[in-house]
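So the structure is just underneath, and the comments pick up after that.
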Amino acid sequence: MEKEKFYLTTAIAYTSKTPHIGNTYEIVLSDAVARYNRFIGKDVYFLTGTDEHGQKIQEIAEAAGISPQQHVDKIAGEIRAIADMLNVSYDGFIRTTDDYHVKAVQGIFKKLYEQGDIYKGEYEGWYCTPCESFWTKTQLKDGCCPDCGRPVQNTKEEAYFFKMSKYQKQLEDYIEQNPNFIQPEARKNEMLGNFIKPGLQDLCVSRTSFSWGIPVDFDEGHVVYVWIDALSNYITALGYTVDEKGELYKKYWPADVHIIGKDILRFHTIYWPIMLMALGEPLPKQVFGHPWMLFGEEKMSKSRGNVIYAEDLVRHFGVDAVRYYMLHEMPFAADGTITYETFIARYNSDLANTLGNLVTRTVAMVNKYFDGVIADGGTGGDYDDDLKTTAVSAMAAIEEKMSVLRIADSLDEIRKVINRANKYIDETTPWLLAKDDSARARLGTVLYNLIETIRIIASLLSSYMPETSSKIAALIGADDLSYESATVFGVTKAGTRVGEAEVLFARIDAEKKLAELAAEMAEPEEPEIVPYKDNIEFEEWEKLDIRVGKVLECEPVKKSKKLLRFVLEVGAERRQILSGISQFYSPAELIGKNVVFIANLKPRKMMGLESCGMILSAESDGRLTALTTLGDIPSGAEVV
RNA sequence: AGCGGGGUAGAGCAGUUGGUAGCUCGUAAGGCUCAUAACCUUGAGGUCGGAGGUUCAAGUCCUCCUCCCGCACCCA
């Protein structure tokens, strides 16, 4: 019988900078799913790769004085090395700069253009200068800017557009008829409610403002929008082109699941399906938007000193400990956290104490009591049945959890078996049996049962902690870790030799290790600053009108995450300015303070309120500090 | 009233179609010694965000309030 196929993908990693552990989570999660599906007998194709085009990459490379290609070669290499280090069992690794991908994307773009799904527009930008925004004709209110009501200017810029709206109904139907298409459930509502139902806008799918991308081959100067480029990877990697669908494509498409971060769900559940509908290809069965891994309460960032890299974790704790933490500690839908403290706590309790110690103590006893030879399991006794049932039935429970991507729960099912085995040792007290010659056969069976249970554990663990799984197998002389063997008790043959008792996961002295880590992190990082801008003339500087204002009122803008609304005293004037610093200040601490602001910046509306000027802040890696004057000075004073 | 998801033991989380709460870690006491001061048992600890309501019976349904989070418009 032919094996059922299973195609899964991760998002391709953006090659702007070295990924941290949060970015790495996705590929480990996916790997567990891939390995698991292979384990249960499916024909799996697991794709990952790197996303290497875009303006940001071009800018970073330029700042570093190297070519974009040199930059992405370096980062893509790092990303692949991380995947390899973590034992990720990908079948394909695609880079969007790969030749075949570039050609295939050009073909896709051209086909969509020729069949009219993509059309060349003059970016009929109706531009509102005060608001600095483009509007489409339909968005205008009485021919004026819908935000501020001022007249708009018709600006033209050539660009290609994708007729999203054409497929809106079809997409909506698909989502509703396939309730599991978007996972977790809550995300589905977001997509439907925020984007699809209000009406899809045509998507601008080409750029002319930078060159690091896939050229539109029939129109020089245009580059394919990065998302069209990136999303296509899922099919181009399988050899899809518009002219010839490759063998892999015929076999594996549509994807069984795209595993991606929750932030890019919109691209995968709207743009991507619509692209496929336009190409006449089937849609993926499921898109799973996983949560984020945070450091404590915060997002990881270099300047906060809370970035954790996979490499460091692996160096200190080992690959499988890292995999275990990621797979077990991340909730299904909500963001999870990692800190060194929680990592070590988990490591000690689950891996060192429970799993590692079980294996060690069992093997030690086989060595001690039977010179390393496993006896036969024929002398039954109390507690045997419960142990066997627990071990043999775990697989079914895991299958249930894994079928809905509940990885953490699956690991808990394995833990149940491990706990049961530890308890069995206590119940059967092998050390007492060892003192009683007449109990020798029973002792042999007790140890046999333990070895069998451990063999099943090793089998069950193979999807999640492959290295540990094979280590255990080698230790107990097991050569069959198959799916089938995981549900059968009595596979090990009497007479099999075990190895020397070995510590799988050495217990970690938390205090000592944390001190070690702290010392390591204290090493100064070379400060990186944003590159300087080009010089300007004195007259240009003179155009700016920068003033001091005193904060009279300050309050959060309702519903806004970032904005604070200020009323400044500027001489006799009262001026309202919005500033996006609410994450860094509570309003009370700013009232009465002097701030520095640009007075002659054109007013602009945000969140329904008008902002007349701009309060100056200094920024470092996303953190803002408002500027003020060292000494007190009357408001309205000019900054010169 | 933009859409949606949540507030359950010190911490992190489960709780199906309503019948007075579970898991993991931590913690206390006891047991054991094969083992990595590991393992096993037992216990303490919750008025299930607040207030009403439906019901013989409500974390579990309804209403209102409150707080948190995600998504969308928003860091000039």
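Chain letters run A, B, ... following the sequence lines, proteins first, then strands; residues in each count from 1.
Glycosidic conformation, B/G31: anti, with the torsion outside 90° of 0.
Side-chain polar atoms of A/Asn353 and A/Asn348 form no donor-acceptor pair below 3.5 angstrom.
The side chain of A/Arg415 has B/U24 as its nearest neighbour among B/C34, B/C74, B/U24. In this structure, of B/C34, B/C40, B/C39, it is B/C34 that holds the atom nearest to the side chain of A/Trp431. The side chain of A/Lys562 approaches B/C75 more closely than any other nucleotide in the set B/C75, B/U41, B/A35. Comparing atom distances between the A/Asn353 side chain and each of B/A35, B/C39, B/C40 picks out B/C39 as nearest. The side chain of A/Phe195 sits closest to B/A72 out of B/C34, B/A72, B/C40.
One C1' atom belongs to B/G22, the other to B/C48, and the distance between them is 12 Å to the nearest Å. Taking the C1' atoms as reference points, B/C23 lies 15 Å from B/G45, given to the whole Å. Taking atom C1' on both B/U55 and B/G18, the two are 9 Å apart, rounded to the nearest angstrom. Across the C1' atoms, B/C75 and B/C25 are found 40 Å apart, a figure rounded to whole Å.
At a cut-off of 3.5 angstrom, counting only N and O atoms as typed in the model, there is a donor on one side and an acceptor on the other between the side-chain of A/Asn357 and the base of B/A35.
Nearest heavy-atom pair across A/Asn449 and A/Lys388 is OD1-CE, 3.9 Å.
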